[in-house]
Peer 1: 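Here you go, one structure.
Computed from heavy atoms alone, side chains included, the values below leave out hydrogens, waters and symmetry copies. FYI, the numbering just counts along the sequence from 1.
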Amino acid sequence: MAEKHTDSSSEEESLELKTKLFLWDFNQCDPKKCTGKKLVRLKLAREVPIGRKIHGLVLSPLAEKTLSPEDRDVVTSRGLGVIDCSWKEIDKLPFSKLKAGETRLLPFLVAANPVKYGQRCCLSCVEALAAALVILGLRGDGEMILGKFNWGHAFLSLNGELLDKYSQCVSADSVLKVQNEYLLEEEREKERKKGRGYDELEELMPPQDSSDEYEI
């Protein structure tokens, strides 16, 4: 959600996005590293006071429905929002004060930011926003905001296969199906690797005669 780091472009540069981006900022992160604050400084996102409603779609861990391409019209007309906070403090947030037109969960993805690299679902603000934009078919905007961070390209590389599949879905149910199939295959691959490791270890062990008796 809110870990941030060094970036690859001038703080003074301002670019125009096709999508309006918003955030609620709980000021729980280092301002120099926060990706949400960075987007606000570059005028790529607008901070909304906590307690004031974001009328568009907000990515929230409390949402009951998963984001899918069918949400594109809401985002293009009313904007996309995110909650800028620390993952360590998320259980303490006053969610009752955060009002939105729509809320959605992001499907499974892996963080590429330097603080949370490789961790499941622990995305920074810019990663969450960019992921949503790509899934909604607004890839140009997603690439633009990721391009403001020197590690941004790694997020798309790390999650490329999943993002492509999510963006081709037609509903939240189909997004969840892709997610669950991916996680199942990932688990199967782990089991296969464990099996191969066991077989290789077995081959290295000396043969044993079943008639031998050992004393302890």
Side-chain angles (χ1 to χ4, degrees), residues 1-4 13-29 31 34-87 89-109 121-149 152 155 163 166-167 169-176 179:
M1 289 223 215
E3 275 76 8
K4 300 184 191 150
E13 182 182 359
S14 177
L15 299 174
E16 185 176 349
L17 295 171
K18 295 179 181 178
T19 312
K20 295 177 181 178
L21 302 181
F22 305 96
L23 60 85
W24 286 304
D25 188 357
F26 283 87
N27 295 306
Q28 295 175 341
C29 309
C34 180
T35 59
K37 279 186 168 60
K38 170 78 174 180
L39 294 177
V40 171
R41 287 197 298 270
L42 292 176
K43 296 181 172 56
L44 295 174
R46 182 164 69 86
E47 182 178 348
V48 175
I50 294 167
R52 182 174 297 177
K53 183 176 182 178
I54 292 177
H55 293 277
L57 184 151
V58 174
L59 303 171
S60 169
L62 295 189
E64 297 180 354
K65 187 175 181 180
T66 300
L67 183 79
S68 76
E70 67 181 345
D71 296 310
R72 178 184 171 119
D73 288 346
V74 175
V75 169
T76 54
S77 63
R78 290 188 269 157
L80 176 67
V82 72
I83 303 168
D84 190 341
C85 66
S86 168
W87 280 103
E89 303 291 330
I90 197 166
D91 292 336
K92 301 176 183 178
L93 295 187
F95 282 100
S96 61
K97 294 183 178 180
L98 306 181
K99 306 297 183 181
E102 302 282 350
T103 58
R104 293 289 185 270
L105 285 166
L106 276 175
F108 175 84
L109 292 163
C121 304
C122 291
L123 308 186
S124 64
C125 285
V126 71
E127 289 172 311
L129 290 168
L133 291 167
V134 172
I135 291 170
L136 296 173
L138 302 167
R139 189 181 186 93
D141 281 357
E143 290 178 344
M144 185 183 295
I145 60 175
L146 282 172
K148 312 313 293 180
F149 303 85
F155 178 73
L163 286 171
Y166 291 151
S167 68
C169 293
V170 296
S171 67
D173 287 342
S174 56
V175 168
L176 288 174
Q179 169 191 275

Peer 1: Are the charged groups of R104 and D71 less than 4.0 angstrom apart, N to O?
Peer 2: yes
Peer 1: Sequence neighbours excluded, which residues qualify as side chain to side chain donor-acceptor pair (under 3.5 Å) partners of T19?
Peer 2: D141
Peer 1: If you look at every heavy atom in L105 and P61, which pair is closest and at what distance?
Peer 2: CD2-O, 3.6 Å
Peer 1: So which heavy atom on D73 is nearest to which on S77, and how close?
Peer 2: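 Taking D73 first and S77 second, the nearest heavy atoms are O-OG, 2.8 Å.
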Peer 1: Drop me the distance from L133's CG to M144's CE, to the nearest 0.5 angstrom.
Peer 2: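 Going from CG on L133 over to CE on M144, the span is 10.5 Å.
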Peer 1: Looking only at non-hydrogen atoms, find the nearest pair between L129 and I145 and report the distance.
Peer 2: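 Nearest pair, atom of L129 first, then I145: CB-CD1, 3.9 Å.
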Peer 1: Show, in sequence, the C-alpha distance, side-chain angles and deciding distance for L23 and V40, and conclude whether the side-chain contact (heavy atoms from CB on, under 4.5 Å) test is met.
Peer 2: CA-CA 9 Å; L23 60 85; V40 171; 3.8 Å; yes
Peer 1: For F155 and E127, which heavy atoms make the closest approach, and how far apart are they?
Peer 2: CD1-OE2, 3.4 Å
Peer 1: Going through the checks in order, is the side-chain contact (heavy atoms from CB on, under 4.5 Å) test met by F22 and L80?
Peer 2: CA-CA 6 Å; F22 305 96; L80 176 67; over 6 Å; no
Peer 1: Could you check T66, L176, V175 and say which one makes a side chain to side chain contact (heavy atoms under 4.5 Å, CB included) with C169?
Peer 2: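 It is V175, the one option of T66, L176, V175 that forms the side chain to side chain contact (heavy atoms under 4.5 Å, CB included) with C169.
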Peer 1: Just how far is it from atom CD of E70 to atom CG of L136, taken to the nearest 0.5 Å?
Peer 2: 10.0 Å
Peer 1: Taking only residues two or more places apart in sequence or in another chain, which ones pass side chain to side chain donor-acceptor pair (under 3.5 Å) with E47?
Peer 2: none
Peer 1: Say you draw a straight line from NZ of K99 to CZ of R52; how long is it, rounded to the nearest 0.5 Å?
Peer 2: 15.5 Å
Peer 1: Does E143 use its side chain to pair, donor to acceptor, with the backbone of G140 at less than 3.5 Å?
Peer 2: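 Looks like no, no N/O pair under 3.5 Å.
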Peer 1: Is any side-chain heavy atom of F149 closer than 4.5 Å to one of V126?
Peer 2: yes
Peer 1: If you round to the nearest 0.5 Å, how far is CG of L98 from NZ of K53?
Peer 2: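 So the NZ of K53 and the CG of L98 are separated by 12.5 Å.
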Peer 1: So, the side chain of R139 versus the backbone of V134: is there a donor-acceptor pair under 3.5 Å, distance only?
Peer 2: no
Peer 1: Report the residues that fulfil side chain to side chain donor-acceptor pair (under 3.5 Å) with S167, sequence neighbours left out, ordered by chain and then residue number.
Peer 2: none
Peer 1: Give me the atom names and distance for the closest heavy-atom approach of I135 to L106.
Peer 2: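 Taking I135 first and L106 second, the nearest heavy atoms are CD1-CD2, 4.4 Å.
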Peer 1: Heavy-atom count check: over 12 atoms from other residues, nucleotides or ligands less than 6.0 Å from K97 NZ?
Peer 2: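 No, because the 6.0 Å sphere around NZ of K97 holds 12 heavy atoms or fewer from other groups.
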Peer 1: Would you indicate whether the side-chain heavy atoms of V170 and S68 approach each other to under 4.5 Å?
Peer 2: no
Peer 1: Please report the shortest heavy-atom distance between W24 and V48, naming the atom on each side.
Peer 2: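 Minimum heavy-atom contact is CD1-O, 3.2 Å.
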Peer 1: Go through it in stages, so that I can follow the logic: the residues are D25 and K37, the test is side-chain contact (heavy atoms from CB on, under 4.5 Å), and I'd like the CA-CA distance, side-chain angles, deciding distance and then a yes or no.
Peer 2: CA-CA 8 Å; D25 188 357; K37 279 186 168 60; 2.4 Å; yes
Peer 1: Rounded to the nearest 0.5 Å, what separates atom OH in Y166 from atom CD in Q179?
Peer 2: 5.0 Å
Peer 1: How long is the gap from CG on L39 to CZ on R46, to the nearest 0.5 Å?
Peer 2: 14.5 Å
